[in-house]
Amino acid sequence: MNERDDILPLRIDGQAATLEAADHGAYPFWETEFAYTYGEPAPDSLAASFLRYLTNEVGQDIIRARDHRPCLELENPVLCRPL
């Protein structure tokens with residue numbers, strides 16, 4: 001899973017960072033991205049296009065290709081929020 005020699009995997013309380021551990025809440029860290037705008041972006045704007053890209057299947061496929069899982073695919077997606 002780790003393709004770089006200069007990065008070490010991090011265990012929290014002895015638990016490896018796996019998708020299964022995230023599903024069951026055993027690995028208590030994940031990353032949530034936020035997008036901030038000044039109001040609702042115009043439907044034909046670059047900002048709106050980028051937000052659609054992040055939330056559609058193409059963006060989710062890129063997340064999956066990096067061995068991560070979109071929040072909505074977790075067994076308990078409500079856990080996928082900032083603490």
Side-chain angles (χ1 to χ4, degrees):
M1 183 172 172
N2 186 1
E3 297 174 5
R4 295 181 51 171
D5 295 333
D6 60 337
I7 297 177
L8 298 174
L10 177 67
R11 291 178 171 265
I12 297 178
D13 293 331
Q15 178 64 55
T18 64
L19 293 176
E20 293 77 21
D23 275 344
H24 301 299
Y27 192 79
F29 177 83
W30 51 84
E31 185 173 340
T32 303
E33 298 292 336
F34 292 94
Y36 296 95
T37 64
Y38 290 106
E40 186 74 25
D44 60 347
S45 69
L46 181 60
S49 295
F50 182 65
L51 293 173
R52 281 192 302 275
Y53 169 78
L54 290 177
T55 57
N56 72 15
E57 283 300 315
V58 174
Q60 293 176 15
D61 285 345
I62 291 170
I63 292 170
R64 288 184 206 99
R66 302 293 186 262
D67 292 327
H68 298 286
R69 187 175 300 174
C71 288
L72 293 176
E73 291 182 6
L74 293 175
E75 186 175 305
N76 190 355
V78 74
L79 293 176
C80 196
R81 59 176 167 60
L83 300 174

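- Residues that satisfy the side chain to side chain donor-acceptor pair (under 3.5 Å) test with R52, not counting sequence neighbours, are S49.
- Remark: A21 engages Q15, T18, A26, Y27 in a side-chain contact (heavy atoms from CB on, under 4.5 Å) (not counting sequence neighbours).
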Tabulate below the donor-acceptor pairs under 3.5 Å that side-chain atoms of residues 37-48 make, not counting sequence neighbours, or state none.
{"residue": "T37", "atom": "OG1", "partner": "G39", "partner atom": "O", "Å": "2.4"}
{"residue": "S45", "atom": "OG", "partner": "A42", "partner atom": "O", "Å": "2.7"}
{"residue": "S45", "atom": "OG", "partner": "A48", "partner atom": "N", "Å": "3.1"}

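- In terms of the salt bridge (charged side-chain N to carboxylate O under 4.0 Å, His left out) criterion, residue partners of R64 (sequence neighbours excluded) are, by chain and number, E57, D61, E73.
- Following chains of ILVMFWY side-chain contacts shorter than 4.5 Å, one can reach F50 starting from I62, so the two form part of one hydrophobic cluster.
- D13 pairs by the salt bridge (charged side-chain N to carboxylate O under 4.0 Å, His left out) definition with nothing, not counting sequence neighbours.
- With sequence neighbours left out, the side chain to side chain donor-acceptor pair (under 3.5 Å) criterion links D6 to R4.
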